[in-house]
Amino acid sequence: MRILELIGEGLGLKEGYFEELSKRQALVVNHYPPCPDPSLDMGVPAHCDPNLITFLQQQVYGLQILKDGHWIGVPTLPHAFVVNIGYQLQILSNNKLVASEHRAITNSETGRTSIGTFVSPIGDCMVEPTKVLVNGGSPALYRAFKYQEFIDDYMAEKDPKRH
Ligand SMILES: O=C(O)CCC(=O)C(=O)O
Ligand SMILES: [Fe+2]
């Protein structure tokens, strides 16, 4: 996947580094019907995606990201994808890249459909901070784990950023 190759290049990783880590792609369609009082209901509560990277398409506004303690709306752009960094990219990069905390709000006028492509490793794949970015001055911030272990914890809501 070209975008992962470019991210890898930016991090100083060897070509093809992400190949094993991006074997799964899940297409998820979210539909949010109009909500008479959006202040009462969040489309998707605040979270970071557990996977490697997500490509999201939205035609109706609703996605917001948390930046410096403020929720910022992501404008809709025709033919554009929003790229969300997931936890695995944060871990592999030893926090050089940080998973984006985001949420989806509803609106009272129109329904909204978003389409996400979630790229992730398979369950048995081992994940750990890449050796290239770990050294004396920058020790590994995470232990090695199987991706499935991470997902099991995430689903059990041990993610501190899931409210
Ligand atoms: O619908 C959206 O804009 C966000 C959906 C989302 O964050 C997710 O499915 O992980
Ligand atoms: Fe998400």
Side-chain angles (χ1 to χ4, degrees), residues 1-8 10-11 18 20-125 127 129 141-142 145-163:
M1 199 176 295
R2 180 91 178 115
I3 192 154
L4 282 173
E5 281 303 318
L6 293 170
I7 289 173
L11 290 170
F18 286 114
E20 270 310 302
L21 295 153
S22 57
K23 290 274 186 216
R24 274 199 71 213
Q25 290 187 19
L27 189 82
V28 178
V29 179
N30 299 298
H31 181 69
Y32 311 90
C35 178
D37 185 351
S39 70
L40 293 178
D41 193 23
M42 193 53 69
V44 178
H47 67 283
C48 295
D49 291 348
N51 51 305
L52 185 68
I53 194 166
T54 305
F55 302 98
L56 194 86
Q57 204 188 4
Q58 55 164 2
Q59 269 154 10
V60 174
Y61 167 70
L63 181 68
Q64 297 182 330
I65 57 154
L66 190 64
K67 187 169 190 302
D68 304 327
H70 298 284
W71 287 104
I72 297 175
V74 180
T76 55
L77 284 175
H79 312 297
F81 290 96
V82 178
V83 180
N84 268 332
I85 290 174
Y87 274 136
Q88 304 315 303
L89 204 42
Q90 173 167 342
I91 293 163
L92 290 159
S93 71
N94 210 28
N95 281 10
K96 293 278 179 304
L97 300 175
V98 177
S100 58
E101 190 168 352
H102 57 278
R103 67 183 188 183
I105 58 165
T106 52
N107 75 74
S108 53
E109 276 108 58
T110 48
R112 172 174 181 263
T113 301
S114 70
I115 305 170
T117 300
F118 292 78
V119 179
S120 70
I122 58 165
D124 280 347
C125 187
V127 179
L141 298 169
Y142 305 92
F145 56 87
K146 255 190 203 174
Y147 180 59
Q148 191 59 48
E149 266 184 73
F150 186 97
I151 289 298
D152 291 346
D153 277 0
Y154 184 90
M155 292 304 176
E157 300 206 40
K158 288 187 195 158
D159 176 4
K161 290 192 181 147
R162 274 178 118 202
H163 309 300

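The structure displayed is predicted, hence computed values, not measured ones. Ligands are counted one by one from 1 in listed order, and the atoms in each one are counted from 1 as well. We count residues from 1, following the sequence as given.
- Ile151 pairs by the side-chain contact (heavy atoms from CB on, under 4.5 Å) definition with Pro50, Tyr147, Gln148, Met155, not counting sequence neighbours.
- At a cut-off of 3.5 Å, with distance as the only test, no side-chain donor of Thr106 or Asp41 sits close to an acceptor on the other residue.
- Nearest heavy atoms, Ala104 versus Tyr32: CB-OH, 3.8 Å.
- Around the Fe ion (ligand 2), the protein N, O or S atoms found under 2.8 Å comprise His47 NE2, Asp49 OD1, His102 NE2.
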| field | Derivation and outcome, side chain to side chain contact (heavy atoms under 4.5 Å, CB included), residues Val74 and His102 | value | CA-CA 10 Å; Val74 180; His102 57 278; over 6 Å; no
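- Applying the side-chain hydrogen bond (donor to acceptor under 3.5 Å, both in side chains) test to pairs two or more places apart or on separate chains, those with a residue in residues 75-86 are Asn84-Ser100.
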Measure and list all N/O to N/O distances between ligand 1 and the protein that fall under 3.5 angstrom.
unit_1: ligand 1; atom_1: 1 (O); unit_2: Tyr32; atom_2: OH; d: 2.5
unit_1: ligand 1; atom_1: 1 (O); unit_2: Arg112; atom_2: NH1; d: 3.2
unit_1: ligand 1; atom_1: 1 (O); unit_2: Ser114; atom_2: OG; d: 2.7
unit_1: ligand 1; atom_1: 3 (O); unit_2: Arg112; atom_2: NH1; d: 3.3
unit_1: ligand 1; atom_1: 3 (O); unit_2: Arg112; atom_2: NH2; d: 2.8
unit_1: ligand 1; atom_1: 7 (O); unit_2: His47; atom_2: NE2; d: 3.2
unit_1: ligand 1; atom_1: 7 (O); unit_2: His102; atom_2: NE2; d: 3.0
unit_1: ligand 1; atom_1: 9 (O); unit_2: Asn30; atom_2: ND2; d: 3.3
unit_1: ligand 1; atom_1: 10 (O); unit_2: His47; atom_2: NE2; d: 3.1
unit_1: ligand 1; atom_1: 10 (O); unit_2: Asp49; atom_2: OD1; d: 3.2

| Can you check side chain to side chain contact (heavy atoms under 4.5 Å, CB included) on Trp71 and Ile105, steps first, answer last? | CA-CA 11 Å; Trp71 287 104; Ile105 58 165; over 6 Å; no
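- Contact between Ile85 and Gln90 at its shortest, heavy atoms only, is CG2-N, 4.4 Å.
- In terms of heavy atoms, Ile72 sits closest to Lys67 at CD1-CB, 3.6 Å.
- The side-chain contact (heavy atoms from CB on, under 4.5 Å) test with Ser108 is passed by exactly one of Pro34, Pro38, Pro36, Cys35: Pro38.
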